[in-house]
Amino acid sequence: MTTNKITILLMLLLAGLPSVYPMSDPAVIDLGFVPDYIDFSYDDRYMVAENDVRYQVWDLNTQTKILDNKHPFKLGRLLKSTVVPTGSGYFLFGSEQVFMTVDYQNNSTEVKAYDLKNGQRLWETDQLHMAISLAETLIRVHAMDIVSVEAADGTRLNPQYAVGNFFTRNKMLDRLINYVPEKQALFFNGKHGLQAVDIRSGKMLWTAEGVKGGIGELIYNATTQQLLAIKVPTSEGAIDQLTANTEVQAIDADNGTLQWRVDYTGDFVPGYASVVGNTLVLPYLELAFIDLENGVERNGDIKSRMEGARNVTKGLGGLMAIDNALGGNFGKAETTTKYDRLVPRSLHFDDNGKLCYFTTFNKDGKIGNGGKKGFLKIDIHQDKVLQETFNLLGDSWTPIQDEMVDGVFYVKASGNMNRTVIKAIDGTTGEELFETEKAKNSADVSKMFSPFLIANGRIIDIVSRGIYTLDAKTGKEISYTATKDLGVGTVVFSHFFEKGVLIFGTKGVGIMDYEGEVVQSVETKNLKDFAANANEVLLLENKKFTRIDLLGKKVAETVRFKNRESIVFSPSGKHVMKVNANGDKIEQYN
C-alpha cells in the first residue's frame, strides 16, 4: 500500500449507496464530465476533479462549483515513476484560498492563479521559466515522489505541506515550486535562478541568479529573514561522488541576495534540517551546527568529535559511505565494510533547551566512528557536550527511532535475528532507566519498521508479529496482541490516530486503542485508501467499502461493489462521495 495516497478514483466499486448514511438526502454534484482523479484539500473543504482535458474545483461546505476550466496539456502526474517533461498541474493553497495552475514544457511555463472565494483570476504570467529537465533528474535520482511524513496527529503530509494547507499531486511541480506562508510568496526553482513571486498579485519580487540547481528543501527562518536552500545532486553522475551541489545556501528573503553557502555531507532527507535560535542544525550523515549569520560551522565539541566520521566518509566517496552505513552495496559488488550510520531523526530538547541526542561514538569519544552507541546532552549555541553516557547499545544494534516524553528519552533499535528493543534514558542524568524485552521484527529484512508511540503513559510498540503495550515509566509489559489473533497477517504498515492505532497487515486491518484493547479487525484485500477519526474508520478496497463504528466497537457497514460506480472520501472521512455509474455525478454525504 502506498502511504501517501489520499484518494484514487475510478475503480470498479459499488452499485448501491451505503445505508450507513440515511440521516439526510445527499447533495448532488453534477460534474458534466468524467474525471480520472478526485482529490481533496487537507482541511476537507475543497474537491478537485480532473482529467487530461478538464478540471473543476468545488467548495464542499457550500456544494458550489468555483472553477471549470480546460488543461492545455495532459496531466503531469507520474505513472510508474515515468517523468513526462510536458504537462499540466495545480496547487491548492487552502489557507490563502488560492488555486494555481501550472502548464509547462521544456521551453516555457504558464502560471494562472484564481481566487477560491469567487473563481476570479488573480493573475497570470509566462515569465517563470522552470528547470523542467532538472526536476526530471531529481525525481529519477532521488525518488522524491515516494517521500512522505506522518505528523504526530496521524495526518499524512509531505513535510513542506505541514504548514499552510498547501497541496499538489504533481511531483514535477512539487520539486520546482516552494511556498512560504509567512511571506505569502512562491519560490520557483527556475532556469535563471530562484524566483520569488507574490501569491496574491503575481508580482515578481526578485530573482536570485546565484541560486540554481536542485533544491531539495527550502526553509524560512523568520528571525533572520533568511531562506535556507538545501541543495542536492542534480545528475546521476553526482550521485556517485557528492559534489558542490550538496550544500546549503542562505538567501535574504526580502531581496534575494545570496549571503553565504556551506557544504554538507550525507543523505538528504526532507524535514530533518532544523533552525534552533541562531543555529542551523544538519543531522544527515554528520551532525553539524552552522552559524546563521556567517554560514560557518561552530568550532566546538561536535565539530572536533565528528572529524573521524568525516574522514571515513571522504575516503569512501560520498553516498557510498551512506550506503555502506546502511549495510547495502549501492548496486555494486558485495562489500564486507559496514559503518554505523548516524540516523537522521527529529531533535529532542530538555526543559532547559539542551539537545538530547542518541548517536554512535568510539571509546575515545569520536562521534560516528565506532560501534558503541550512547546518549549526549549538547548545548547547541556553544557547541559543547554537557553530558554523555557511553555504550548504551552495543555493536549489533542500530538506532531506528527515538522520542522524548516527560523528560524521558526513548530509543528503538534493531539488531541481529530481526529483533528490536526499546531503551529508556533519563533526560536529566543520562542514566538508563530500563530496556524492554527483545521483540522479533522484520526490520532488518525489509529495511522498514513500524514506529512506536507514547500516549497516556503507555508505549505502543508494533512489530511484525504483534503489538506490545508497555508501561512508559518501567517498560513492563501490560499486554501483547499477536497479529495472528488480530487476523491481519504480518504487519506491513501502521497508522496512529486520535483514538488508537491502525495495524495494516498482509491479510487485513486491525484497530487497537491506547490501552492495548482490540477494537476490531477486518479482513481486507487490495486496500486502496483509509480514513480514521474520533468516531469511525473507513476502509476502501477494490470492490468493498467498510465503515467501522469505534464507539460501538463493531463493523457498522460493509458494501460490496458491482457495476461501474465508485466511492471516494476526504482525508478525515468527513465527506463520503458516491460517484454514479457514468462517472459524471457525485452524491455527497457528510
Side-chain angles (χ1 to χ4, degrees), residues 1-3 5-31 34-40 44 47 49 60 483-495 497 499-500 502-512 518-533 535-590:
M1 181 178 64
T2 304
T3 62
K5 295 289 185 184
I6 295 181
T7 52
I8 301 178
L9 184 64
L10 295 183
M11 298 171 283
L12 295 176
L13 299 177
L14 92 169
L17 177 69
S19 60
V20 111
Y21 303 101
M23 295 176 289
S24 62
D25 292 334
V28 178
I29 296 175
D30 188 352
L31 297 175
V34 179
D36 292 325
Y37 301 96
I38 290 181
D39 295 325
F40 300 90
D44 297 303
M47 179 186 77
L60 296 179
T483 52
K484 65 179 181 180
D485 296 329
L486 272 176
V488 301
T490 301
V491 174
V492 294
F493 175 64
S494 59
H495 173 83
F497 69 107
K499 290 297 183 179
L502 301 178
I503 301 99
F504 298 87
T506 53
K507 297 180 180 179
V509 179
I511 307 172
M512 288 184 59
V518 177
V519 176
Q520 191 59 248
S521 61
V522 178
E523 182 180 344
T524 59
K525 187 177 181 180
N526 298 320
L527 189 69
K528 296 297 181 182
D529 195 14
F530 70 92
N533 54 47
N535 300 315
E536 61 186 7
V537 172
L538 307 179
L539 303 174
L540 182 64
E541 303 172 59
N542 270 342
K543 297 185 178 182
K544 186 172 71 173
F545 173 81
T546 304
R547 186 177 73 89
I548 301 169
D549 180 0
L550 295 177
L551 300 179
K553 298 183 178 181
K554 63 180 181 180
V555 175
E557 191 76 11
T558 299
V559 179
R560 296 190 179 277
F561 306 138
K562 54 186 178 181
N563 297 333
R564 291 185 58 83
E565 297 182 332
S566 59
I567 277 184
V568 294
F569 42 81
S570 61
S572 72
K574 177 182 178 181
H575 302 295
V576 176
M577 325 287 283
K578 176 196 172 188
V579 185
N580 68 357
N582 293 330
D584 58 355
K585 290 185 180 180
I586 297 175
E587 294 180 353
Q588 176 187 343
Y589 297 82
N590 294 339

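Position 1 is the first residue of the sequence; numbering continues from there. All values reported here derive from a predicted model rather than from experimental measurement. Basis for what follows: all heavy atoms, side chains included, without hydrogens, waters or symmetry-related copies.
Listed here is the closest heavy atom pair of Ile38 and Ala49: CG1-CB, 4.2 Å. Nearest heavy-atom pair across Lys507 and Gly487 is CB-O, 4.0 Å. Of all heavy-atom pairs spanning Ala556 and Asp549, the tightest one is CB-CB, 4.0 Å. Heavy atoms only, all atoms of each residue included: Gly583 and Pro35 are closest at O-CD, 3.2 Å. For the pair Phe40 and Pro571, the tightest heavy-atom approach, listed with the atom from each and the gap, is CB-CD, 3.7 Å. The heavy-atom pair separating Ala531 from Ser572 by the smallest distance is CB-C, 4.0 Å.
Proximity of a side-chain donor or acceptor of Thr483 to a complementary backbone N or O of Val488 within less than 3.5 Å is not detected. Judged purely by atom type and a 3.5 angstrom limit, Asp529 has no side-chain atom pairing as donor or acceptor with the backbone of Leu540. Here the side chain of Glu541 pairs a donor or acceptor atom with the backbone of Lys525 at under 3.5 angstrom. For the pair Ser521 (side chain) and Leu486 (backbone), a donor-acceptor distance under 3.5 Å is present.
The NZ atom of Lys543 sits 9.5 Å away from atom CG of Asn526, with the distance rounded to the nearest 0.5 Å. Rounding to the nearest 0.5 angstrom, the gap separating the CD1 atom in Ile586 from the NE2 atom in His575 is 12.0 Å. Here the CZ atom belonging to Phe545 is positioned 12.5 Å from the NZ atom belonging to Lys578, to the nearest 0.5 angstrom.
In this structure the side chain of Thr524 never reaches within 4.5 angstrom of the side chain of Phe504, judged on heavy atoms. Side-chain contact between Gln588 and Met47: absent, with no pair of heavy atoms (C-beta onward) separated by less than 4.5 Å. A 4.5 Å side-chain heavy-atom check between Ile29 and Leu60 finds at least one atom pair inside the cut-off. With a 4.5 Å cut-off on side-chain heavy atoms, Val555 and Thr546 count as touching. Taking the side chain as every heavy atom from C-beta outward, Val34 and Asn582 never approach each other to under 4.5 Å.
In this structure, the side-chain hydrogen bond (donor to acceptor under 3.5 Å, both in side chains) partners of Lys553, at least two apart in sequence or on a different chain, are Glu517. Looking at residues two or more places apart in sequence or on another chain, you find a side chain to side chain contact (heavy atoms under 4.5 Å, CB included) between Asp30 and Lys585. Remark: Lys484 pairs with no residue by the salt bridge (charged side-chain N to carboxylate O under 4.0 Å, His left out) rule, at least two apart or across chains.
Phe530 and His495 have their aromatic ring centers within a separation under 6.0 angstrom.
Using a 4.0 Å cut-off between charged nitrogen and carboxylate oxygen, Glu557 and Arg547 do not count as a salt-bridge pair.
Applying the side-chain contact (heavy atoms from CB on, under 4.5 Å) test between Ile548 and each of Leu538, Leu539, Leu502 identifies Leu539 as the sole match.
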Determine whether Asn535 and Leu550 satisfy the following criterion, side chain to side chain contact (heavy atoms under 4.5 Å, CB included), listing intermediate values before the conclusion.
CA-CA 5 Å; Asn535 300 315; Leu550 295 177; 5.9 Å; no

